[in-house]
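These notes are about the structure you will find just below.
Throughout, a chain's letter reflects where its sequence line sits, starting with A, and its residues are numbered from 1.
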Amino acid sequence: MITDARVLQPEFIPSEVKHRPAKISHLTDTLRPITEGGRAESSFLYGPSGAGKTCIARYTVEQLRESVVSMDHQYVNCWEDYTRFKLLYRVLDGIGKTIDIHRQSTPRDELFDRLRDSVDAPYVVILDEVDQLQDKDVLYDLYRIPNLTMILIANREEDVFTHLDERLHSRLSSCARIHFDRYSLDELVTILEDRVQWGLADGVIDRHRLELIADYAAGDARKAIGILRNAAQKAKYEDTAEITETIIETVVPEAEAELQQKTVEKLTQHQRLLYEIIADYDEISGGDVYAEYTSQADDPKTRRTMRNHLAKLEQYNLIVAKGNTKARTYHLVT
DNA sequence: GATCCACAGGAATCCTCGGGGT
DNA sequence: ACCCCGAGGATTCCTGTGGATC
């Protein structure tokens with residue numbers, strides 16, 4: 001059934017990417033000065049999740065790396081490395097300069113100084129989910145480093161640009177903006193066909209059933225591959241020779257829950273409690289959430305902190321806030 | 001439509017923690 | 001053993017806003 005499980009993993013980057021050729025060449029053109037020994041402009045990729053932003057950024061940089069041997073590159077997920085210290089640490093790590101740095105303080109901004117002094121070859125840094133960055137000023141610092149080129153990735157353009165201060169806004173507004181749309185059904189099927197060819201045994205699934213998966217995924221490649229992975233595992237577990245339509249249909253909610261679960265796991269204890277409270281209601285006001293929260297938590301935080309957490313949950317696409325001020329209600333994403 | 005009220009969210013400040021220096 | 005420092009989280013303080021009420 002499964003011949004290569006790796007290609008069904010969400011983080012797998014194919015060695016050959018056939019879809020989105022226009023996006024790849026746009027990004028390649030932007031990075032081209034690096035091949036000629038110059039400095040490339042930063043670029044900004046935005047669009048819904050599962051539209052191929054991360055995949056194409058990593059793929060394109062990897063391609064470039066093959067022609068420019070002296071180039072360094074690093075991928076950073078700003079969701080995980082969301083503070084200034086963590087981000088700079090990760091960026092330094094990409095050029096192997098983190099030895100003997102353990103703590104997140106003392107020599108005031110030693111990380112940045114060291115980074116500035118160390119980048120002497122072209123260095124491309126991919127900042128994924130950059131809207132999750134707590135302190136956007138660090139982008140300005142990175143921008144000022146010669147030889148360093150940023151590729152920023154986010155879902156929505158405005159999530160990144162509205163909170164920037166003026167100098168950074170004007171700098172970044174000139175960078176290449178590449179918009180990604182959801183995949184079409186045909187594109188999704190093509191992506192799935194490749195994964196099937198690389199990772200599954202012959203004849204376990206036909207085009208018609210891949211279209212069914214693509215249909216459920218609604219333009220989201222991550223979701224489509226998730227469904228395929230779950231379906232293949234279920235078929236293997238049930239010891240059937242094919243991935244049937246029935247298997248696909250039963251696995252869709254599991255695949256969706258799996259995506260959601262991954263996000264929920266990253267929440268703090270208090271954030272998770274708030275999420276669970278909202279999950280218990282079809283719709284609930286902020287005041288009621290807080291009342292419920294104070295009765296359930298053993299050491300409740302203040303209202304203001306709760307509002308910060310709710311804003312986070314909304315950013316993570318776990319909850320939806322409807323309406324303004326007093327009339328605002330919260331519910332789970334459907 | 002004026003006023004009130006509950007809430008959102010920005011900014012400043014406080015608190016705590018972990019590790020380094022002496 | 002003690003103090004100090006910086007980061008990040010939480011809290012405090014505050015202003016703005018829109019629905020509710022009369």
Per the salt bridge (Lys or Arg N to Asp or Glu O under 4.0 Å) rule, what does the pair list look like for residues 281-293 of chain A, sequence neighbours excluded?
A:E283-A:K322
Figure out the [atom1]/[atom2] separation between [X] and [N], and round it to whole Å.
| X | N | atom1 | atom2 | value |
| --- | --- | --- | --- | --- |
| A:K86 | B:dG18 | NZ | P | 14 Å |
| A:L88 | C:dG6 | CG | C1' | 14 Å |
| A:D81 | C:dA7 | CG | C1' | 15 Å |
| A:H309 | C:dG9 | NE2 | P | 9 Å |
| A:K312 | B:dA8 | NZ | P | 17 Å |
| A:L87 | C:dA7 | CG | P | 14 Å |
| A:E110 | B:dG20 | CD | P | 12 Å |
| A:Y89 | C:dA7 | OH | P | 16 Å |

Looking at A:Q134, I'd like to know whether one of its side-chain N or O atoms comes within less than 4.0 Å of OP1 or OP2 on C:dA7.
no
With a 4.0 Å limit, can you tell me whether A:R307 has a side-chain N or O closer than that to the phosphate oxygens OP1/OP2 of B:dA8?
yes
Taking 4.0 angstrom as the limit, do A:E211 and A:R207 come out as a salt bridge?
yes
Short N-O contact, A:E238 and A:K234, less than 4.0 angstrom:
yes
When the rotation axes relating C1' atoms of four end pairs to the next four are compared across the helix from B:dG1-C:dC22 to B:dT22-C:dA1, five pairs an end, they differ to 10° by 20°
Using only heavy-atom distances, determine whether the side chains of A:D81 and A:Y89 contain a donor-acceptor pair under 3.5 Å.
no
Hey, are A:H179 and A:E157 close enough side-chain-wise for a donor-acceptor pair under 3.5 Å?
no
I need a per-nucleotide contact map over nucleotides 11-16 of chain B, read 5' to 3'. Cutoff is protein heavy atoms under 4.0 Å; write B for the base, S for backbone only, - otherwise.
------
Measure from the side-chain N and O atoms of A:K23 to the backbone N and O of A:F180, and report whether any donor-acceptor pair falls under 3.5 Å.
no
Is a donor on one side and an acceptor on the other found under 3.5 Å between the side chain of A:Q74 and the backbone of A:R90?
yes
Residues, nucleotides or ligands: over 12 heavy atoms within 6.0 Å of [X] [atom1]:
| X | atom1 | result |
| --- | --- | --- |
| A:K236 | NZ | no |
| A:R84 | CZ | yes |
| A:D280 | CG | yes |
| A:Q269 | CD | no |
| A:K262 | NZ | no |

Residues A:D220, A:R222; criterion salt bridge (charged side-chain N to carboxylate O under 4.0 Å, His left out); working and verdict
CA-CA 6 Å; A:D220 184 337; A:R222 188 177 307 168; 5.3 Å; no
At 4.0 Å (heavy atoms only), tell me whether A:T83 reaches a base, stays on the sugar-phosphate, or touches nothing.
sugar-phosphate
Specify whether A:Y293 and A:Y290 have parallel, tilted or perpendicular ring planes, treating 30° as the upper limit for parallel and 60° as the lower limit for perpendicular.
tilted
Among [range], which residues get a heavy atom nearer than 4.0 Å to DNA chain C?
| range | result |
| --- | --- |
| residues 324-331 of chain A | A:N324, A:T325, A:K326, A:A327 |
| residues 262-270 of chain A | none |
| residues 273-303 of chain A | A:K301, A:T302 |

With rounding to the nearest 0.5 angstrom, report the CD to CD distance, A:Q63 to A:E16.
9.0 Å
Using the six-membered ring of A:Y216, assess whether NZ or CZ of A:R209 lies under 6.0 Å from its centre and within 45 degrees of the ring axis.
no
